[in-house]
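Here the structure comes first, spelled out in structure tokens, and everything after it is commentary.
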Amino acid sequence: MTDYSALRAAAATLGVPLSAEAIERFARFAEILREWNARLNLTAIDDLTAIERLHFIDALVGLRAIPSEQGPRVIDVGTGGGLPGLALRIARPDIRLTLLDATAKKARYLEVVRDELGLGSSPVDDESPAGILGDGAVDRGNPVEILVGRAEDLGRDPRYRESWDVALARALAPMPVLVELCLPLVRIGGRVIAWKKRDQDDELQVSGRAVSILGGRRLPIVSADLAELPADRALFVVAKERPTPKGYPRLPGVPKKMPLV
Ligand code: SAH
């Protein structure tokens, strides 16, 4: 069991203190993640204290790299169990979040989490049940969108290409592949935030070619130093400065098979 005091402390350190309602959402999120984990193999991390630290607090570190302007459009690419996206959306309800995963089964699970946490509809046209949190706990933020598909296909689709302010990626792919999946989705002036370990900075070096081809520029590594986290965590951030050229991303599977290194 946990009383989520580590999560509370970490969020406060990050400048986004959590309401009682937000803590309730995290607790319910952890329960649903565990219920579905057996079937979907969403994560190797399965006890509550580990979920609190290695999923929730780890995800919230992203607050250091997401611009503070109200209402950023954020896509979590390869969200799996809903991380880091949903944790950030619980902490910052102004985030307009899209969760993307290639697996339809995971999308079904994500719909359950979203609806159970009451994050599926906007408060103004709220006709859906408020979930387990009850009527008194209406989330004042933006509804969470769930998409099933490959990042390569979204990035080639004019409806989605270059339409987010921020793309998030945790445990998605090595940097050269990750930037080809994510940078095409981001508008000029936007950014890609990758959850990595400090000793993966060799990936950062080899991603230089991909970053420049796809219209990006590497920004300094953002420190993830927090008492509640292992010491090796870091965020690699890439700014989008120029349009991604036609022809990128390449067809599904190609970025991984033939990385731009
Ligand atoms: N971000 C989560 C899950 C990581 S596992 C976490 O950190 O816990 C990687 C996930 O990315 C899987 O769920 C997989 O289905 C998805 N994925 C892999 N390649 C993808 C692609 N090209 N487009 C969309 N989703 C992809």
Side-chain angles (χ1 to χ4, degrees), residues 25-26 28-46 51 54-56 58-59 62 73-90 95-122 127-132 139 141-164 166-174 177-186 192-195 248-259:
R25 284 205 164 86
F26 276 111
R28 185 69 186 119
F29 184 8
E31 280 175 32
I32 303 170
L33 187 62
R34 292 176 84 196
E35 280 164 27
W36 284 69
N37 199 24
R39 257 183 297 163
L40 288 186
N41 202 10
L42 296 164
T43 170
I45 299 162
D46 198 54
I51 289 175
L54 302 177
H55 281 323
F56 297 164
D58 187 61
R73 290 161 301 175
V74 174
I75 181 165
D76 185 0
V77 180
T79 188
L83 291 151
L86 272 178
L88 290 160
R89 168 61 183 77
I90 294 171
I95 288 177
R96 290 182 277 167
L97 179 66
T98 300
L99 299 173
L100 171 68
D101 205 278
T103 310
K105 273 188 296 187
K106 289 183 184 168
R108 178 71 203 114
Y109 147 86
L110 291 167
E111 282 166 9
V112 170
V113 186
R114 176 191 63 185
D115 295 346
E116 283 274 324
L117 302 188
L119 303 179
S121 51
S122 50
E127 286 171 26
S128 69
I132 48 97
D139 181 74
N142 298 292
V144 174
E145 175 184 45
I146 295 165
L147 295 177
V148 190
R150 307 266 318 203
E152 296 94 321
D153 289 322
L154 251 70
R156 297 164 65 87
D157 184 335
R159 286 177 301 166
Y160 296 112
R161 186 178 175 89
E162 301 193 332
S163 52
W164 280 275
V166 179
L168 313 173
R170 198 184 74 159
L172 175 67
V177 181
L178 185 156
V179 294
E180 187 169 351
L181 299 179
C182 295
L183 214 42
L185 296 171
V186 169
V192 174
I193 305 172
W195 271 246
Y248 297 101
R250 292 167 294 166
L251 291 169
V254 179
K256 188 174 168 192
K257 225 173 290 162
M258 289 189 280

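Reckoned from all heavy atoms, side chains included, excluding hydrogens, waters and symmetry mates.
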L99 side chain reached by R114 side chain, heavy atoms, under 4.5 Å: no
Identified side-chain contact (heavy atoms from CB on, under 4.5 Å) counterpart of Y160 within the set L100, L154, D153, I75: L154
Distance-minimising heavy-atom pair for V77 and A167: CG2-CB, 4.4 Å
Distance (rounded to the nearest 0.5 Å) between L86 CG and L33 CG: 10.0 Å
R28 and E35: CA distance, side-chain angles, deciding distance, salt bridge (charged side-chain N to carboxylate O under 4.0 Å, His left out) verdict: CA-CA 11 Å; R28 185 69 186 119; E35 280 164 27; 3.8 Å; yes
Stepwise side chain to side chain contact (heavy atoms under 4.5 Å, CB included) check, R156 with L251: CA-CA 9 Å; R156 297 164 65 87; L251 291 169; 3.5 Å; yes
Separation of I32 CD1 from N37 CG (nearest 0.5 Å): 13.0 Å
For G78 against D101, the heavy-atom pair lying closest together: C-OD2, 3.5 Å
Qualifying residue, where the test is side-chain contact (heavy atoms from CB on, under 4.5 Å) with V166 and the options are I193, V192, L88: I193
Nearest atoms (heavy-atom pairs only) where G120 meets D115: CA-OD1, 3.9 Å
Pair E31-R34, salt bridge (charged side-chain N to carboxylate O under 4.0 Å, His left out): steps then yes or no: CA-CA 5 Å; E31 280 175 32; R34 292 176 84 196; over 6 Å; no
Steps toward side chain to side chain contact (heavy atoms under 4.5 Å, CB included) verdict (L97, N142): CA-CA 8 Å; L97 179 66; N142 298 292; over 6 Å; no
Verdict with supporting geometry, W36 and V113, side chain to side chain contact (heavy atoms under 4.5 Å, CB included): CA-CA 10 Å; W36 284 69; V113 186; over 6 Å; no
Salt bridge present between E111 and R108 (N-O < 4.0 angstrom): yes
Test item: R161 side-chain N/O and L185 main-chain N/O as donor-acceptor pair under 3.5 Å: no
Distance-minimising heavy-atom pair for C182 and L172: SG-CD2, 4.1 Å
Side-chain touch W164/V74, heavy atoms, less than 4.5 angstrom: no
Shortest non-hydrogen separation from P259 to V177 and the atoms involved: CB-CG2, 4.1 Å
OH on Y109 to OG1 on T103, rounded to 0.5 Å: 13.0 Å
Side chain to side chain, R170 and H55, heavy atoms closer than 4.5 Å: yes
D76/R89 ion pair, N-O < 4.0 Å: no
V179 vs Y248 side-chain heavy atoms within contact, under 4.5 Å: no
Closest approach of L83 to A59 (non-hydrogen atoms, all atoms of both residues): CD2-CB, 4.1 Å
Pairing of E180 and R150 as salt bridge, 4.0 angstrom limit: no
L168 vs W195 side-chain heavy atoms within contact, under 4.5 Å: yes
Intermediate values then yes/no, side chain to side chain contact (heavy atoms under 4.5 Å, CB included), L119 and I90: CA-CA 9 Å; L119 303 179; I90 294 171; 4.3 Å; yes
Heavy-atom side-chain proximity of L181 to E152 below 4.5 angstrom: yes
